[in-house]
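Taking it in order: structure first as structure tokens, then the write-up.
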Amino acid sequence: MDITLALGGGGAKGNSHIGVIRRLEKEGFRIRSVAGTSFGGLVAILYAAGLSADEIEEVFTSTDQGSLYVRDSNDGPSLLGLSGARKLLDTILGEKTFDDLKIPCAVTAVDAKTGNEVTISKGQLKDAVLATIALPGIFPPLQMDDWELVDGGILNPVPVSLARMLSPDLPIVAVVLNDSLEAPLRTYTIPVPAMLPKQITDRIYRTHVAQAFDIFMRAVDLSSRAVAHYRLEVDAPDVIIRPDVHHLDLLDKVVVKDVAMLGEMAVEAVLPQLRKATSWPSRMNKILFGGKR
């Protein structure tokens with residue numbers, strides 16, 4: 001039962017991708033290619049590079065999540081840095097490129113200069129990750145060639161189009177982490193160092209900067225939901241998996257194993273649809289009629 005995956009963005013929610021992959025493999029589905037956006041792009045690249053779901057979970061579990069967003073001199077204009085993330089990627093991926101991947105993979109980013117979506121499917125893997133996760137204003141953009149690359153979720157929160165490009169004849173399974181348009185917007189707190197006393201953090205949360213951050217993040221959330229909704233309508237994946245991760249914020253510190261389990265549970269809920277999408281009649285329909293259902 002061959003499939004291709006489209007892994008959506010969602011920050012800490014993206015740990016659920018680990019459980020999705022693990023359960024799909026357990027049920028006998030063979031992932032032949034994978035596309036990703038933002039955190040989904042990170043998981044996609046690690047998986048395509050040959051790491052198993054268990055190994056990816058171990059990497060994320062053993063990483064100090066708070067250390068990932070430290071700033072250094074290499075970071076451009078942003079609220080947080082990616083010094084720790086760069087060090088982690090150097091350790092895991094080193095100088096590997098897309099040519100070293102075990103299965104086809106692509107991630108999406110956006111050029112902040114032109115506003116165009118950019119598909120990254122060549123070059124160094126660590127650069128591709130740093131580009132696709134660069135949430136504007138929160139993390140620094142990545143300079144690549146003439147591009148100034150930021151988070152691909154701005155234009156393509158769930159990269160079904162990339163998955164279709166990688167494997168046109170395979171069923172596309174999209175993993176969506178965005179809330180629905182109907183869900184109420186939540187509030188966001190500005191990230192602060194964990195070692196600060198509560199009296200100081202409470203004072204920071206009451207500042208105009210913290211309030212502006214909350215408004216900005218709610219706007220990003222709403223925009224991402226809307227774009228994801230309309231892109232899914234147009235791009236029409238064969239199966240949509242929606243892990244129940246809506247209680248998590250983008251930058252939450254999480255228990256990776258618990259969030260991964262939510263991904264496994266989400267696969268369980270759509271197993272009949274998955275088996276139908278990979279059945280011979282459905283595959284023939286996709287081949288003969290271009291995926292129109």
Side-chain angles (χ1 to χ4, degrees), residues 1-44 47 52-54 56-57 60 153 156-160 162-164 167 170-184 186 221 224-250 252 254-283 285-286 291 293:
M1 296 184 287
D2 294 347
I3 59 172
T4 180
L5 283 185
L7 303 180
K13 303 175 183 181
N15 289 284
S16 60
H17 290 316
I18 299 169
V20 168
I21 291 171
R22 181 158 49 216
R23 185 59 186 274
L24 286 171
E25 291 185 330
K26 182 179 179 181
E27 295 294 335
F29 296 97
R30 294 178 294 270
I31 302 168
R32 296 305 193 189
S33 60
V34 57
T37 291
S38 198
F39 200 106
L42 167 59
V43 175
Y47 181 74
S52 68
D54 289 346
I56 297 172
E57 181 175 289
F60 293 165
N156 202 349
V158 189
V160 174
L162 267 67
R164 184 167 286 124
S167 299
L170 291 183
I172 299 171
V173 178
V175 186
V176 182
L177 306 180
N178 304 85
D179 286 339
S180 67
L181 288 175
E182 297 76 22
R186 59 190 304 158
D221 182 12
S224 182
R225 291 188 204 184
V227 174
H229 175 81
Y230 296 122
R231 289 288 308 239
L232 288 169
E233 288 273 316
V234 172
D235 294 336
D238 295 271
V239 179
I240 293 177
I241 298 175
R242 291 183 180 272
D244 185 12
V245 291
H246 308 304
H247 58 290
L248 299 175
D249 285 342
L250 292 172
D252 276 353
V254 299
V255 178
V256 175
K257 183 177 181 180
D258 291 348
V259 182
M261 180 59 67
L262 297 175
E264 295 195 46
M265 294 167 61
V267 173
E268 172 75 25
V270 297
L271 278 176
Q273 294 170 250
L274 284 163
R275 292 190 174 114
K276 181 179 179 181
T278 54
S279 66
W280 179 246
S282 294
R283 293 289 299 276
N285 176 68
K286 190 177 183 73
R293 294 168 288 160

Name all residues meeting the salt bridge (Lys or Arg N to Asp or Glu O under 4.0 Å) criterion together with [X]; count only those two or more places apart in sequence or in a different chain, and write none if there are none.
X      : answer
Asp244 : none
Arg242 : none
Glu25  : none

[X] versus [Y]: any side-chain heavy-atom pair under 4.5 Å?
X      : Y      : result
Asn178 : His229 : no
Arg32  : Thr4   : no
Leu248 : Leu177 : no
Ile31  : Ile3   : yes
Arg275 : Glu27  : yes
Arg23  : Leu271 : yes

If you look at every heavy atom in [X] and [Y], which pair is closest and at what distance?
X      : Y      : answer
Ile21  : Ala53  : CG2-CB, 4.2 Å
Ala163 : Ala6   : CB-CB, 4.1 Å
Val20  : Gly263 : CG2-O, 3.6 Å
Leu274 : Val267 : CD1-CG1, 4.0 Å
Ala174 : Leu232 : CB-CD2, 4.4 Å
Ala260 : Glu57  : CB-OE1, 3.6 Å

Euclidean distance, [Y] [atom2] relative to [X] [atom1], rounded to 0.5 Å:
X      : Y      : atom1 : atom2 : answer
Gln273 : Ile240 : CD    : CD1   : 9.0 Å
Leu162 : Ser167 : CG    : OG    : 11.5 Å
Glu264 : Ser16  : CD    : OG    : 11.0 Å
Ile241 : Leu5   : CD1   : CG    : 7.5 Å

Self-check item: Residues forming a side chain to side chain contact (heavy atoms under 4.5 Å, CB included) with Ala226, sequence neighbours excluded
Solution: Leu181, Tyr230
Any donor-acceptor N/O pair, [X] side chain to [Y] backbone, under 3.5 Å:
X      : Y      : result
Asp238 : Ile172 : yes
Arg231 : Val160 : no
His17  : Gly8   : yes

Practice problem: Only pairs at least two apart or in different chains count here, so list each ring-ring contact (aromatic ring centres under 6.0 Å, His included) that has a residue in residues 20-43. | Solution: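 Counting only pairs at least two positions apart or across chains, the ring-ring contact (aromatic ring centres under 6.0 Å, His included) contacts touching residues 20-43 are Phe39-Phe60.
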Practice problem: Please name the residue in the list Asp249, Asp252, Val245 that meets the side chain to side chain contact (heavy atoms under 4.5 Å, CB included) test with Lys13. | Solution: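 Running side chain to side chain contact (heavy atoms under 4.5 Å, CB included) over Asp249, Asp252, Val245 with Lys13 returns exactly one hit, Val245.
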Quiz item: With sequence neighbours excluded, what pairs up with Thr37 under the side chain to side chain donor-acceptor pair (under 3.5 Å) test?
Solution: none
